[in-house]
Amino acid sequence: MSFDLGVWKAGDTPVSVEEATARYHDLCDAPGDDLVPGVEVAALVADVAAHLEQAGLAVDGEVWSATPSIGPDHAVMTMPWRSASVAVAFVPGLAVARGFVCYDPQNDRVHQHAAAAPHTGPSLQRSDGTRIDDPDDETIERTVLTLSRERWFAILHTADEGTYFQVGYGDQAAAPPGQYAVEHRDGSPDRHRRAVTPDRRAVAQAMREFRDGNGNWEKRFSWRSIQL
């Protein structure tokens with residue numbers, strides 16, 4: 001069983017899931033014999049391969065299940081299923097940072113720069129510039145559990161302007177080493193509070209509860225007001 005990702009250069013308008021699905025299938029169906037790889041997308045694919053190899057996912061020196069199809073501004077990458085978790089955590093952020101849309105057909109999910117895709121439901125903004133609309137439980141948990149110095153914060157926005165739940169990791173978030181700073185703002189600066197905790201799983205659970213409108217998230221931490 002394989003795991004696939006498609007990437008292509010982002011345009012000036014948002015890409016819906018339906019549009020991304022259609023574009024991905026068009027890329028898969030297009031003949032690949034005459035494709036001329038673009039420099040930027042070829043470099044992206046090479047960096048993905050290097051990352052998978054460094055993660056110990058190469059077999060006999062190969063990380064792909066099939067040779068990537070690389071065109072002037074797009075690519076379709078096919079890898080063994082064992083590489084899925086590493087690829088999902090790494091490729092979308094890298095692609096978006098370099099000006100590409102990344103489509104995950106297994107989960108029917110589009111990753112694109114936040115500024116390109118207005119959304120009215122919950123959205124998870126990560127420090128690498130990626131945004132995931134309507135994040136599921138697994139996405140929230142994976143995002144929180146993999147916070148690091150390189151990917152040190154995540155913000156869950158609601159449809160209400162100025163309302164969010166934020167988590168930051170370590171000294172970059174003004175938290176002690178190895179701990180997490182949690183912030184909640186309820187629409188205005190005078191309704192902004194903060195807590196610090198070492199329990200990342202409690203943070204992930206609270207973020208899921210906040211997304212769902214479950215008030216239990218407020219009881220998980222000792223909050224203090226922030227005066228900005």
Side-chain angles (χ1 to χ4, degrees), residues 1-10 15 17 20-21 23-24 27-28 37 40-71 74-114 123-156 167-170 172 178 180 200-201 203-205 207-208:
M1 187 175 182
S2 65
F3 180 82
D4 304 330
L5 290 172
V7 297
W8 56 86
K9 265 297 184 180
V15 178
V17 172
T21 301
R23 176 72 187 276
Y24 174 77
L27 295 180
C28 291
E40 289 182 86
V41 70
L44 174 66
V45 172
D47 287 344
V48 172
H51 185 79
L52 295 175
E53 186 170 0
Q54 290 170 4
L57 294 169
V59 175
D60 297 329
E62 183 57 71
V63 298
W64 307 116
S65 297
T67 301
S69 174
I70 309 175
H74 66 267
V76 176
M77 295 171 277
T78 302
M79 62 202 78
W81 189 260
R82 65 176 180 273
S83 302
S85 61
V86 173
V88 165
F90 174 73
V91 179
L94 179 67
V96 171
R98 297 190 184 181
F100 290 87
V101 172
C102 181
Y103 176 64
D104 174 356
Q106 288 78 205
N107 298 299
D108 206 25
R109 181 165 295 152
V110 184
H111 303 268
Q112 56 193 323
H113 195 277
S123 63
L124 184 65
Q125 175 74 51
R126 302 191 289 198
S127 58
D128 59 7
T130 57
R131 191 187 83 186
I132 300 173
D133 294 335
D134 302 313
D136 59 19
D137 288 357
E138 181 182 354
T139 297
I140 289 175
E141 179 149 347
R142 183 173 60 245
T143 297
V144 173
L145 298 189
T146 58
L147 289 176
S148 64
R149 286 194 61 82
E150 290 71 32
R151 295 185 176 188
W152 64 275
F153 74 83
I155 308 172
L156 183 64
V167 56
Y169 176 74
Q172 290 168 287
Y180 300 82
R200 59 182 183 171
R201 293 193 180 278
V203 174
Q205 180 62 29
M207 186 172 278
R208 291 193 294 264

Decide whether Thr143 and Arg126 meet the rule of one side-chain donor and one side-chain acceptor closer than 3.5 Å.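 The answer is yes; a qualifying pair exists.
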
Quick one: closest heavy-atom pair of Tyr103 and Pro105, and the distance? O-CD, 3.4 Å

Using every non-hydrogen atom in the two residues, find where Val7 and Leu44 come nearest and quote the distance to one decimal.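 Smallest interatomic distance, heavy atoms only, reads CG2-CD2, 3.9 Å.
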
To the nearest 0.5 Å, how far apart are [atom1] in [X] and [atom2] in [Y]?
X	Y	atom1	atom2	value
Asp136	Glu141	CG	CD	10.5 Å
Leu147	Ser127	CG	OG	7.0 Å
Glu150	Tyr169	CD	OH	10.0 Å
Ile140	Leu156	CD1	CG	5.5 Å
Lys9	Glu40	NZ	CD	4.0 Å
Ser148	Gln172	OG	CD	8.5 Å

Pairs under 3.5 angstrom only: tabulate donor-acceptor contacts from the side chains of residues 80-102 to other protein residues two or more places apart or in another chain.
unit_1 : atom_1 : unit_2 : atom_2 : d
Arg82  : NH2    : Leu57  : O      : 3.2
Arg98  : NH1    : Asp47  : OD2    : 2.9
Arg98  : NH2    : Asp47  : OD2    : 2.5

Is a donor on one side and an acceptor on the other found under 3.5 Å between the side chain of Thr146 and the backbone of Arg142?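 At least one qualifying donor-acceptor pair exists.
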
Check whether any side-chain N or O of Gln112 sits under 3.5 Å from a backbone N or O of Val15 as a donor-acceptor pair, and report yes or no. yes

Residue pairs involving residues 50-63 (criterion side chain to side chain donor-acceptor pair (under 3.5 Å); sequence neighbours excluded):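 Non-adjacent pairs meeting side chain to side chain donor-acceptor pair (under 3.5 Å): zero.
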
Quick one: list whatever passes side-chain hydrogen bond (donor to acceptor under 3.5 Å, both in side chains) with Thr78, sequence neighbours left out.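 Thr78 satisfies side-chain hydrogen bond (donor to acceptor under 3.5 Å, both in side chains) with Asp4 only.
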
Start with the C-alpha gap between Val48 and Leu52, add the side-chain angles, then the distance that decides, and say whether side-chain contact (heavy atoms from CB on, under 4.5 Å) holds. CA-CA 6 Å; Val48 172; Leu52 295 175; 4.1 Å; yes

Arg109/Asp134 ion pair, N-O < 4.0 Å: no

Glu138, CD atom: more than 12 neighbouring heavy atoms under 6.0 Å: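 Not more than 12 within 6.0 Å, no.
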
Contact between Thr21 and Val17 at the side-chain level, heavy atoms closer than 4.5 Å - yes or no? yes

Are Met79 and Val63 close enough that some pair of their side-chain heavy atoms sits under 4.5 Å apart? no

Using the side-chain contact (heavy atoms from CB on, under 4.5 Å) rule, take Trp8 and Val41 through it: C-alpha gap first, then chi angles, then the decisive distance, then the call. CA-CA 8 Å; Trp8 56 86; Val41 70; over 6 Å; no

